[in-house]
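Just so it is clear, the values below take in all heavy atoms, side chains as well, and ignore hydrogens, waters and symmetry mates. What you see is a predicted model; the values in this text were computed from it and never measured. Count residues from 1 along the sequence.
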Amino acid sequence: MHLQEQENEGHDEREDGLRERLVRAGVELVNAEGAQALSLREIARRAGVSHGAPRRYFPTHLDLLSAIARQGFAELADRLAEEDREDAGPRERIAILARVYLAYAETRRGMYELMFRHDLLESGRLGLRETSLPLFAHLTALVARATEPGPGPNPTGDAAARAGAASPGDTALRADVASPGDTAPSSGMASPGDAALRAGALWANLHGIAQLWHWGSLRLATGGTDPAPLLAAALDAHLGPVAAAP
C-alpha cells in the first residue's frame, strides 16, 4: 500500500510538471510571437509533448489560454508590488501604478492583449476574473483616498498616505468595492461606488493610451514621443489637478 501511494504521488507530480510545462511554453510563446500564435499544436510542440497532450490537462483551448493569462496577471501584480511605495500619498501611488501598467502593456504586448480578451474573462475559466479583480480593487481604494474631501482639490499628504491602500494581491478588497448605487460612508471619504466609477474611467483611459500609443495613433495625433504628458493629463482629468504648493 505504501508503494502504491508513492507511485500515485509520483504520477501526480509528473502530471503537475507537464501541466506547468505547457503553461510555461505558452507564456514564452505569447511573449515572443503574440497572442495570435497560441495554438494548441504550437504550445505542445514547444513543450515537447504530442499535439493531443494539452487536452489531457486543459479540456478546452480557453482553459489553457486562461492559465497562461493568469501568469500575466501574476507578473503584473508582482511588478506593481515592487514599484509601489506605501509611504507615498495615494495620488503618487496611482501615478506609479499607471506607469507600471503602461510599461507592462508595451513590454509584454502579446500577454497584455491575451489578459484582457473578453472571451477569456467572460468564460470564467480558472477564475480568471477573480485573478484580475484585486488589481482593480487596489486602484479603486487608492482613487477613494486620493479624492476624499480635504484641504484643496486633491489631498496627497501624510494624512492620506497613512490611510494607505491594500496591496494588489489583497483579495479582501473585492468586498469593499460597492455598486454605484451605494451611499457615501459617514467618514467623508468618497463613496465606494463613486470611487469604482472613477477608477473604471481612469483604467479605460489608461487602456486607451496603451493601445493607441502602441498603434502609433497618439504619436501621429499629438506629435509626442513620450506618453508621460498623456498620463499626467489623464490623472488630472479623473482625479483633479494637483494642488499648488502653499
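You'll find the side chain of R219 stays beyond 4.5 Å of the side chain of T225, heavy atoms only. Looking only at side-chain heavy atoms (C-beta outward), L235 and V242 stay at 4.5 Å or farther from each other. Inter-residue side-chain proximity for T147 and H238 is flagged as unmet; no heavy-atom pair is nearer than 4.5 Å. Considering only heavy atoms from C-beta on, L218 stays 4.5 Å or farther from P227 through its side chain. For the pair Q71/I68, no side-chain contact is recorded, criterion being any heavy-atom separation below 4.5 Å from C-beta on. Annotation: side chain of R19 is in contact with side chain of F58 (closest heavy-atom distance under 4.5 Å). For the pair M115 and R108, the minimum side-chain heavy-atom distance is 4.5 Å or more.
Looking at Y104, its side chain does come within 3.5 Å of a backbone N or O of G72 through a donor-acceptor pair.
Taking the charged nitrogens against the carboxylate oxygens, R46 and E28 have no contact shorter than 4.0 Å, which rules out a salt bridge. A salt bridge links R45 with E42: at least one charged nitrogen is closer than 4.0 Å to a carboxylate oxygen. Salt bridge status for D236 with R91: present, with a side-chain N to carboxylate O gap under 4.0 Å. A salt bridge links E75 and R79; the closest N-O separation between the charged side-chain nitrogens and carboxylate oxygens is under 4.0 Å.
Judged by distance alone, the side chains of S66 and D63 never bring a donor and an acceptor atom under 3.5 Å apart. Under the 3.5 Å distance criterion, with hydrogens and angles disregarded, no donor-acceptor pair is assigned to the side chains of H214 and Y112.
F116 and F73 have perpendicular rings, their planes meeting at more than 60° on a 0 to 90° scale where under 30° would count as parallel.
The nearest pair of heavy atoms linking N205 to A234 is OD1-CB, 3.5 Å.
From S217, atom OG reaches atom CD1 of I209 across 13.0 Å, with rounding to the nearest 0.5 Å. Separation of atoms CG (L120) and NE2 (H61) is listed at 9.0 Å; rounding is to 0.5 Å. Atoms CZ and CG, on R117 and L62 in that order, are 7.0 Å from each other to the nearest 0.5 Å.
The environment of CH2 in W203 is sparse: at most 12 heavy-atom neighbours from other residues, nucleotides or ligands sit within 6.0 Å.
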